[in-house]
Protein chains: 2
Amino acid sequence: MTDLSSEMFKVVAPERRGTTSEEVVIQLREMIHRGELRPGDRLPPERDLAKLLGVSRPTLRAGIRSLAAVGVLQSRQGAGTFVVQSDGPPTLDSSPLRLMASLHGFTSNEMFEARRALEMAVAGLAAERATGEQMATMAEEIAGMYASLDNPEQYLVHDMRFHQTVAAASGNRILTALMNMVAKVLFDARIKTVKRAQDLKQSAEMHRVIYRAIREHNPEAARIAMRDHLVGAQQAWELEDDGADPLLAATNSGNNGGGARPTL
Amino acid sequence: MTDLSSEMFKVVAPERRGTTSEEVVIQLREMIHRGELRPGDRLPPERDLAKLLGVSRPTLRAGIRSLAAVGVLQSRQGAGTFVVQSDGPPTLDSSPLRLMASLHGFTSNEMFEARRALEMAVAGLAAERATGEQMATMAEEIAGMYASLDNPEQYLVHDMRFHQTVAAASGNRILTALMNMVAKVLFDARIKTVKRAQDLKQSAEMHRVIYRAIREHNPEAARIAMRDHLVGAQQAWELEDDGADPLLAATNSGNNGGGARPTL
DNA sequence: CGCCTCACATTGGTCAAACCTCTGTCGCGC
DNA sequence: GCGCGACAGAGGTTTGACCAATGTGAGGCG
């Protein structure tokens with residue numbers, strides 16, 4: 001029934017002739033692939049670019065918006081449209097993952113398992129490649145954890161930064177981006193329950209174990225330590241949580257007119 | 001700066017929370033998170049929905065387009081706008097990854113390493129959880145590989161499907177989606193050079209090793225076998241390639257004006 | 001009676017023109 | 001020299017209209 005070709009090419013691929021705005025997206029993508037647009041660059045004004053590409057401004061805007069939605073472009077009213085310039089490592093937007101989680105009913109266990117796989121991989125690589133400076137940063141974040149054992153929210157910040165440092169030390173920006181993508185979903189869910197967190201001291205200890213394994217350039221030990229840490233983190237999170245699955249109740253803003261808070 | 005009077009008068013008016021179209025995106029996301037929109041559902045007509053949300057149609061379209069860009073919605077002219085209904089496992093669009101690769105100059109080695117990490121993880125999980133049916137599918141794909149040793153392009157299809165089956169057998173849809181995301185970038189790059197492929201027989205043998213490890217429920221052996229296979233695949237790919245980095249020259253035109261085989 | 005075909009209503013896609021708000025800069029005045 | 005305000009330029013939004021693809025149902029033909 002499923003013949004060979006249908007499965008593979010069934011990407012988001014348009015039909016014989018994509019829409020005009022799809023064409024715009026392709027044009028802009030090509031410009032990026034060809035290197036004509038580099039991070040930080042500013043695109044021509046919409047009115048000019050529309051004329052340049054031979055489309056109307058709304059159509060061009062539709063294309064720009066598509067690329068902005070995936071985090072490649074960023075428009076600032078009154079300033080212009082820019083190719084995203086990330087100071088740190090490149091990032092992938094986590095909202096698609098969050099939406100997929102809602103649409104297909106991902107469990108938090110599934111999400112944790114994915115994170116575990118990614119973090120174990122980066123931990124192993126980090127043990128092989130971490131520079132002295134990166135290890136110093138890890139140590140500082142661990143110190144920050146110990147210093148904020150009585151402040152769960154601040155602890156969580158150090159926690160997250162430690163993991164990001166480990167990821168950076170892996171030297172693989174793709175794995176780093178994927179890990180951050182998954183971790184951010186869990187982070188956003190946990191920041192609401194972390195006030196009830198217990199055993200932060202134990203968590204900090206486990207980070208030290210990870211750190212030591214990386215410092216000793218022992219990939220396998222780093223993987224094991226990271227696994228144990230994340231298993232513990234998942235258990236802690238499940239204790240904090242009251243049963244409802246926060247993955248399904250991400251960012252809630254009051255419906256129209258309400259005074260919603262952008263961030264906590 | 002903090003002018004209180006304006007604070008009082010902002011009712012439903014656009015707040016500093018972002019642009020109006022972003023508000024639309026948030027509203028639609030909320031509807032998905034709350035479960036009001038399920039995969040396959042059809043959204044109300046744009047004109048109605050625009051009135052419902054209290055925005056103009058172009059603004060609504062901008063929001064819809066943002067969600068369509070991340071693969072959550074899909075619009076079909078004359079039919080309507082639908083929440084994406086994926087038959088198989090959920091998928092994440094790989095174009096953001098491709099764009100990131102171009103923007104930040106990802107090397108193919110980095111991409112292969114990421115794939116290796118993901119595939120090793122899913123192979124290990126698959127060895128623990130694969131069902132009989134899934135293992136049967138794997139065996140069939142391997143048979144397909146042997147049957148197409150003289151047809152590199154067809155071989156590649158079986159190759160990819162084997163890996164997808166392994167991913168499905170891992171039981172983790174998030175890891176599966178991430179793996180496909182990375183694999184697709186490499187796949188699109190390789191399909192151009194695969195005509196020169198050598199040692200397909202050896203590649204098929206390595207797939208059999210992976211299969212046997214999974215069949216014997218030996219996670220560690222599956223991980224090792226997958227690693228060896230992908231290391232070999234990377235070496236083969238580097239031999240096929242003439243030096244230029246195809247990651248930077250990814251094309252997305254599905255048309256087969258050149259030498260692409262529609263039936264493949 | 002059943003199937004096929006064509007026309008029409010519905011829906012998304014595109015375009016045009018206009019106005020608003022925000023940003024950055026340049027020049028005037030102190 | 002410094003600061004503030006006016007101005008031009010940028011993206012954001014709206015209205016209104018028309019085009020193109022789709023889906024469906026009514027009518028005719030076999």
Side-chain angles (χ1 to χ4, degrees), chain A residues 12-28 37 40-85 256-257 262, chain B residues 1-3 5-7 9-28 37 40-85:
Chain A
V12 200
E15 44 289 348
R16 53 266 185 198
R17 175 204 173 250
T19 66
T20 307
S21 54
E22 289 287 346
E23 183 64 26
V24 171
V25 174
I26 292 175
Q27 294 262 6
L28 292 175
L37 293 177
D41 279 1
R42 173 177 158 180
L43 272 64
E46 290 185 355
R47 291 164 177 85
D48 297 353
L49 189 53
K51 190 172 300 182
L52 205 65
L53 295 179
V55 300
S56 70
R57 191 169 159 231
T59 303
L60 171 67
R61 284 179 55 77
I64 289 178
R65 179 156 282 277
S66 289
L67 291 174
V70 298
V72 174
L73 297 181
Q74 185 175 4
S75 293
R76 295 209 323 268
Q77 184 176 174
T81 302
F82 301 83
V83 179
V84 159
Q85 168 81 294
N256 47 15
Chain B
M1 7 189 99
T2 54
D3 109 348
S5 59
S6 72
E7 197 89 0
F9 292 146
K10 66 160 191 175
V11 199
V12 195
E15 322 75 43
R16 62 174 63 88
R17 205 154 80 212
T19 66
T20 307
S21 54
E22 283 178 11
E23 180 65 23
V24 171
V25 174
I26 292 176
Q27 296 263 3
L28 292 175
L37 292 178
D41 280 1
R42 172 177 160 178
L43 272 66
E46 292 185 352
R47 293 167 178 83
D48 298 353
L49 190 53
K51 191 174 297 182
L52 204 67
L53 296 179
V55 300
S56 69
R57 192 170 157 232
T59 303
L60 171 68
R61 284 178 54 77
I64 289 177
R65 179 157 282 277
S66 289
L67 290 174
V70 299
V72 175
L73 298 181
Q74 185 174 5
S75 293
R76 296 208 320 266
Q77 184 176 175
T81 301
F82 301 83
V83 179
V84 159
Q85 169 84 299

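Every chain is numbered from 1, with letters handed out A, B, ... down the list of sequences. The figures that follow rest on heavy atoms only: side chains count, while hydrogens, waters and symmetry mates do not.
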Visitor: For the pair made of NZ in B:Lys51 and P in D:dT15, what is the distance, rounded to whole Å?
Guide: 11 Å
Visitor: Minimum heavy-atom separation for A:Val25 to A:Ser66, with atom names?
Guide: CG2-CB, 3.9 Å
Visitor: Can you tell me how far C1' of D:dT22 sits from CD of B:Gln77, to the nearest Å?
Guide: 8 Å
Visitor: Whole angstroms only, please: what is the CD-P distance between B:Glu23 and D:dG12?
Guide: 16 Å
Visitor: Under 4.0 Å from OP1 or OP2 of C:dT14: is there any side-chain N or O of A:Thr19 that close?
Guide: yes
Visitor: Which whole-number value in Å describes the distance from B:Arg76 CZ to C:dT10 C1'?
Guide: 14 Å
Visitor: Where do A:Ala62 and A:Ser21 come nearest, in terms of heavy atoms and distance?
Guide: CB-CB, 4.0 Å
Visitor: What closest approach, in Å, do A:Ala69 and B:Ala69 show between heavy atoms, and which atom pair accounts for it?
Guide: CB-CB, 3.8 Å
Visitor: Quickly work out the B:Glu46 CD to D:dG16 P distance and round it to whole Å.
Guide: 17 Å
Visitor: In this structure, how many angstroms lie between the P atom of D:dA8 and the CZ atom of A:Arg47, rounded?
Guide: 15 Å
Visitor: Give, ordered by number, those residues of residues 53-74 of chain A having at least one heavy-atom distance below 4.0 Å to an atom of DNA chain D; if nothing qualifies, reply none.
Guide: A:Arg57, A:Arg61
Visitor: Quick one: A:Glu22 CD to D:dA20 P, roughly how many Å, whole number?
Guide: 19 Å
Visitor: Looking only at non-hydrogen atoms, find the nearest pair between A:Glu46 and A:Leu60 and report the distance.
Guide: O-CD2, 3.2 Å
Visitor: Among C:dG12, C:dT14, D:dG11, which nucleotide sits nearest the side chain of A:Pro45?
Guide: D:dG11
Visitor: Does the side chain of B:Thr20 get closer than 4.0 angstrom to OP1 or OP2 of D:dG12 through an N or O atom?
Guide: no
Visitor: Using only side-chain N and O atoms of A:Ser75, determine if any of them is under 4.0 Å from OP1 or OP2 of D:dA10.
Guide: no
Visitor: Should A:Val83 and A:Leu73 be marked as a side chain to side chain contact (heavy atoms under 4.5 Å, CB included) after you check the CA-CA gap, both sets of side-chain angles, and the distance that decides it?
Guide: CA-CA 5 Å; A:Val83 179; A:Leu73 297 181; 4.0 Å; yes
Visitor: Choose from D:dA10, C:dT23, D:dG11 the nucleotide whose nearest atom is closest to any side-chain atom of A:Ala79.
Guide: C:dT23
Visitor: So, for A:Ala79 and A:Arg42, which heavy atoms are closest and what is the spacing to 0.1 Å?
Guide: O-CZ, 3.4 Å
Visitor: Hey, is the side chain of B:Thr81 poking within less than 4.0 Å of OP1 or OP2 on C:dG12, counting only N and O atoms?
Guide: yes
Visitor: Please, which pairs that meet side chain to side chain donor-acceptor pair (under 3.5 Å) have at least one residue in residues 70-80 of chain A, sequence neighbours excluded?
Guide: A:Ser75-A:Thr81
